[in-house]
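What follows is a set of notes on a single structure, which appears directly below.
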Amino acid sequence: MNFNIIRKTVGIILCIEAAFMLPPLALGLFDGDAGAVRGFLAAIFAVLALGLPCSLIPNRDRAVGARDSFVIVALAWIIISLFGAIPFYVSGVIPSISGSIFETISGFTTTGATIIDNVEAAPRAILLWRSITNWIGGMGVLVFLLAIAPVARESGSMYLLRAEFPGPMAAKLVPRMQKSAKLLYEIYIFMTALQIILLFVGHVPLFDSINIALSTASTGGFSIKNDSMASYGAYAQTVTLIFMTLCSMSFSIFYCLLAREFYRIRKSHELRFFAIAVSVVALIMGVSNAARFASFGEGLLHSLFQVVSIISTTCYVSIDASFWSPFVWSLLMVLMITGPMSGSTGGGMKLSRVMILAKSTYRALARTITPNSVHLIHLDDEIVEEDTVASVNSFAIAYFMAVVLTAVVLSIDGLSFGDGMLAGISSLGNVGYGIDSNTFTMGVSQLSLLSKGVLCFDMFLGRLEIFPMLILFAPDTWKR
């Protein structure tokens with residue numbers, strides 16, 4: 001265990017967090033909001049007080065193993081979430097420490113569930129910070145660090161990317177790891193900026209455009225309106241729909257477009273599965289609710305918007321959630337579990353894992369019928385390694401065990417097992433639906449500290465894909 005590089009890397013990440021707090025601090029000064037200014041000044045001071053000394057630790061050995069990478073990623077996300085809660089608490093927007101931490105974890109993990117009842121009354125600086133936490137969490141703070149500075153040797157950088165970047169098969173886009181991380185963030189920044197421009201030219205206020213784009217690119221879903229996207233016009237909803245769709249796709253697809261490697265896009269089974277799932281569910285929703293819409297175009301927009309919003313785990317709404325029938329929500333619940341493509345900014349299990357699980361189940365059935373047969377699992381016309389299959393199976397088991405345990409713990413506070421399962425799926429999938437006061441039988445603020453803690457842990461599990469968090473509790477992890 002390389003403790004020096006762990007401390008140094010976490011210290012650098014804290015300094016990066018302080019830099020991201022500067023825009024909302026400046027906005028608070030511009031608006032003359034004394035509470036917000038106090039909150040961000042206190043947070044920046046606290047972050048730098050710990051981060052600067054750690055970042056200056058000399059470390060000549062830049063060797064990082066898989067175990068070090070898991071620990072760095074898990075600790076970094078926990079620590080930035082704790083310090084990121086300071087502006088919410090000190091400003092008085094969220095009066096409880098546990099509520100402030102919940103809001104920040106929900107932001108960084110791109111879950112998007114909020115305990116603020118009236119977000120339109122919150123200071124603009126706080127709203128901007130919420131959206132920034134979404135944006136940082138979407139691509140990952142470690143990926144950002146890798147993009148701007150070589151903190152580890154090439155092999156160690158690959159471990160860091162695999163520990164943080166969503167999906168079962170994270171790989172280099174280009175030969176050098178730092179260039180891969182830089183390319184990912186260039187694509188990410190370009191899509192964010194493009195959405196801001198398109199929204200702004202469509203007469204959406206600049207502040208609204210920035211916040212919507214930050215939360216859309218990250219598929220986080222924090223909104224600055226109480227009704228999410230419902231109060232915006234069809235133009236803003238259509239632009240947001242397009243970018244939610246793009247950010248549900250693997251970023252390797254955009255690299256293939258830039259490199260003109262179209263054959264890799266054509267053979268992507270996961271992309272095909274994504275397109276079919278979205279089209280089929282949206283068609284069912286549109287047909288079953290056709291009579292309730294004023295026109296075909298309106299029905300198509302709202303159906304597609306809701307499907308893409310859920311499968312991308314953004315969880316914006318363009319129409320009141322009660323509009324859809326229980327049958328429709330049961331279909332959307334399935335999409336909450338599957339999530340979008342691996343290598344996207346979305347949460348959930350990822351479609352590639354679902355495909356591997358389905359093929360693994362079929363293979364088990366085939367082996368039962370013909371015991372001596374050989375069945376290999378293929379994805380995108382390539383053989384999936386057995387280690388990857390085993391890892392996906394373990395992930396699925398851990399995922400559903402966590403959902404059930406979450407439902408059991410939440411039942412202590414009086415929630416039904418169904419509500420608890422919804423909250424577990426939503427928090428592990430980083431969706432956000434079902435763990436706020438709009439959809440719970442009680443608000444998050446009314447839950448016990450234990451229940452809040454479980455939901456926060458679930459959000460971390462979901463964003464870091466379970467194993468980086470669990471490894472912190474293994475005694476062998478901390479041995480030198």
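Values in this document were obtained by computation on a predicted structure and should not be read as measured data.
At most 12 non-hydrogen atoms from other residues, nucleotides or ligands lie less than 6.0 angstrom from OH of Tyr89.
Within the structure, side-chain hydrogen bond (donor to acceptor under 3.5 Å, both in side chains) contacts touching residues 13-26 (residues at least two apart or in different chains) do not occur.
Listed for the Thr111 side chain is no donor-acceptor partner under 3.5 Å among the backbone atoms of Ala113. Without hydrogens or angle criteria, Ser426 side chain to Gly432 main chain gives a donor-acceptor distance under 3.5 Å. With hydrogens and angles disregarded, no donor-acceptor distance shorter than 3.5 Å links the side chain of Asp31 to the backbone of Ala125. A donor-acceptor contact shorter than 3.5 Å links the side chain of Ser344 to the backbone of Met341. Counting only distance, with no hydrogens or angles, the side chain of Thr314 and the backbone of Tyr316 share no donor-acceptor pair below 3.5 Å. Of the possible donor and acceptor atoms, one in the side chain of Ser312 sits under 3.5 Å from a partner among the backbone N and O of Val308. Looking at Thr110, its side chain never comes within 3.5 Å of a backbone N or O of Gly138 through a donor-acceptor pair. Using modelled atom types, no side-chain atom of Ser360 and backbone atom of Ile356 make a donor-acceptor pair closer than 3.5 Å.
Within the 4.5 Å cutoff, the side chain of Leu410 has no heavy atoms near those of the Asp419 side chain. His302 places a side-chain heavy atom less than 4.5 Å from the side chain of Gln237. Looking at Ile319 and Phe305, their side chains never come closer than 4.5 Å, going by heavy atoms from C-beta outward. Put simply, the side chain of Leu48 reaches to within 4.5 Å of the side chain of Cys15, judged on heavy atoms. The closest side-chain heavy-atom distance from Ser288 to Val328 is below 4.5 Å.
Partners of Asp320 according to the salt bridge (Lys or Arg N to Asp or Glu O under 4.0 Å) rule, which considers only residues two or more places apart in sequence or in another chain, do not exist here. In this structure Glu103 satisfies the salt bridge (Lys or Arg N to Asp or Glu O under 4.0 Å) test together with Arg130, sequence neighbours excluded.
The cationic group of Arg292 lies under 6.0 Å from the six-membered ring centre of Phe323 and within 45° of the ring axis, placing it in a cation-pi geometry.
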### Query
Checking ring pair (Phe, Tyr, Trp, His ring centres under 6.0 Å) for the pair Tyr188/Trp135: CA distance, chi angles, key distance, verdict?
CA-CA 9 Å; Tyr188 191 50; Trp135 193 82; 4.8 Å; yes
